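All values derive from a computational prediction rather than experimental measurement.
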Amino acid sequence: LPDYRLTFDVRLFREQLDDFIVARLPSQRHRETGKRARDYLNYTDLLVTGGEYQIRWKPAGDTELWLNQTFTETKWDNVNYQISDERRPPRHHTTIAWFQRLTQQLELSVIHERLGGMTWRYDRDWMPFSYRTDVRLARTFRLADSKAEAALTVQSLEGDQDAFLVSR
């Protein structure tokens, strides 16, 4: 909608993964080496469906606002994995961003993200709902014949955030 300086994108997706492969360690060790060799096997099928949209608005020449949201549903072919919540991406993800040119050389950006609970591995590594805010102040300048930039970035104003939990 160019008259309103508004852009709107929508995407729907369906991703089918057949014969998802996992590594398993046998419970018994090799009788000669004492080591356990990994065994790779076909696990099950996985279906990820969802939708996402993005709204970008430029209310003024030096200001831009973004809103992104993604919603997903994950289904395992094997009902046992479906119940155990194994390897689940977040069901929802929201990002709100503000980009502001302060002067010809100075830009400010603030990005706030909200991420639903998820796990990269197993249900015992489940990570709860999280949110974070990042702020960036950047100055552009010329360096010989090239354009350069120096930036100060503060990530996660709310403090430390776990991005990956390891159960062992």
Side-chain angles (χ1 to χ4, degrees), residues 1-17 20 22 43-77 81-143 146-168:
L1 304 168
D3 291 344
Y4 299 99
R5 292 173 284 204
L6 192 65
T7 302
F8 186 68
D9 292 315
V10 177
R11 295 171 198 84
L12 300 175
F13 55 88
R14 180 182 190 276
E15 186 174 358
Q16 176 74 41
L17 287 88
F20 190 79
V22 295
Y43 198 47
T44 186
D45 296 344
L46 174 67
L47 177 65
V48 181
T49 57
E52 62 184 0
Y53 71 89
Q54 178 184 73
I55 299 172
R56 294 173 63 176
W57 180 42
K58 290 189 84 165
D62 293 336
T63 304
E64 191 163 352
L65 301 169
W66 292 15
L67 170 65
N68 294 55
Q69 285 195 300
T70 303
F71 304 92
T72 60
E73 182 70 33
T74 305
K75 292 187 179 173
W76 291 99
D77 226 23
Y81 306 130
Q82 185 70 25
I83 293 168
S84 72
D85 278 337
E86 190 160 329
R87 289 185 176 88
R88 294 273 180 166
R91 292 184 65 147
H92 57 83
H93 182 206
T94 300
T95 303
I96 300 170
W98 170 40
F99 303 98
Q100 182 70 52
R101 180 173 294 281
L102 301 171
T103 68
Q104 191 64 19
Q105 294 85 23
L106 202 57
E107 295 179 10
L108 172 71
S109 61
V110 179
I111 300 174
H112 181 74
E113 171 187 64
R114 299 173 70 84
L115 186 64
M118 60 173 280
T119 179
W120 292 113
R121 296 174 43 138
Y122 308 104
D123 61 344
R124 65 181 174 265
D125 285 335
W126 195 263
M127 293 171 37
F129 163 86
S130 65
Y131 60 92
R132 67 181 263 177
T133 306
D134 299 341
V135 177
R136 180 176 184 269
L137 184 63
R139 185 179 191 288
T140 57
F141 57 92
R142 302 290 303 169
L143 188 61
S146 301
K147 184 178 177 182
E149 181 179 86
L152 171 66
T153 303
V154 178
Q155 293 182 312
S156 190
L157 287 174
E158 297 82 8
D160 291 345
Q161 302 270 340
D162 288 328
F164 187 77
L165 298 176
V166 180
S167 61
R168 55 186 167 137

With a sphere of 6.0 Å drawn around CZ of Arg91, does it hold more than 12 non-hydrogen atoms of other residues, nucleotides or ligands?
no

Does any part of the side chain of [Y], heavy atoms only, come nearer than 4.5 Å to the side chain of [X], both counted from C-beta?
X      : Y      : result
Phe129 : His92  : yes
Arg114 : His93  : no
Trp66  : Asn68  : yes
Phe141 : Gln105 : no

Compare every heavy atom of [Y] with every heavy atom of [X], then report the nearest pair and how far apart it is.
X      : Y      : answer
Ala97  : Ile111 : CB-CG1, 3.9 Å
Leu65  : Pro59  : CD1-CG, 4.4 Å
Ala138 : Ala151 : CB-CB, 3.9 Å

Partner set under salt bridge (Lys or Arg N to Asp or Glu O under 4.0 Å) for [X], not counting sequence neighbours:
X      : value
Arg56  : Glu64
Arg5   : none
Asp62  : none
Arg139 : none

Distance col, row Lys147:NZ vs Arg142:CZ, nearest 0.5 angstrom, shows 8.5 Å

Within this structure, what is the CG-OG1 distance for the pair Leu108 and Thr103, rounded to the nearest 0.5 Å?
11.0 Å

Decide yes or no on side chain to side chain contact (heavy atoms under 4.5 Å, CB included) for Thr94 and Tyr131, but give the supporting numbers first.
CA-CA 9 Å; Thr94 300; Tyr131 60 92; over 6 Å; no

For residues 48-55, which side-chain donor-acceptor pairs fall under 3.5 Å, sequence neighbours excluded?
residue	atom	partner	partner atom	Å
Glu52	OE1	Thr70	OG1	3.3
Tyr53	OH	Gln69	OE1	2.4

Hey, does the side chain of Glu107 reach the backbone of Phe99 with a donor-acceptor pair shorter than 3.5 angstrom?
no

Between the main-chain N or O of Ser156 and the side-chain N or O of Asp134, is there a donor-acceptor pair closer than 3.5 Å?
yes

For residues 6-17, the side-chain hydrogen bond (donor to acceptor under 3.5 Å, both in side chains) pairs (sequence neighbours left out) are Gln16-Asp18

In this structure, which one of Gln100, Lys58, Arg101 forms a side chain to side chain donor-acceptor pair (under 3.5 Å) with Thr63?
Gln100

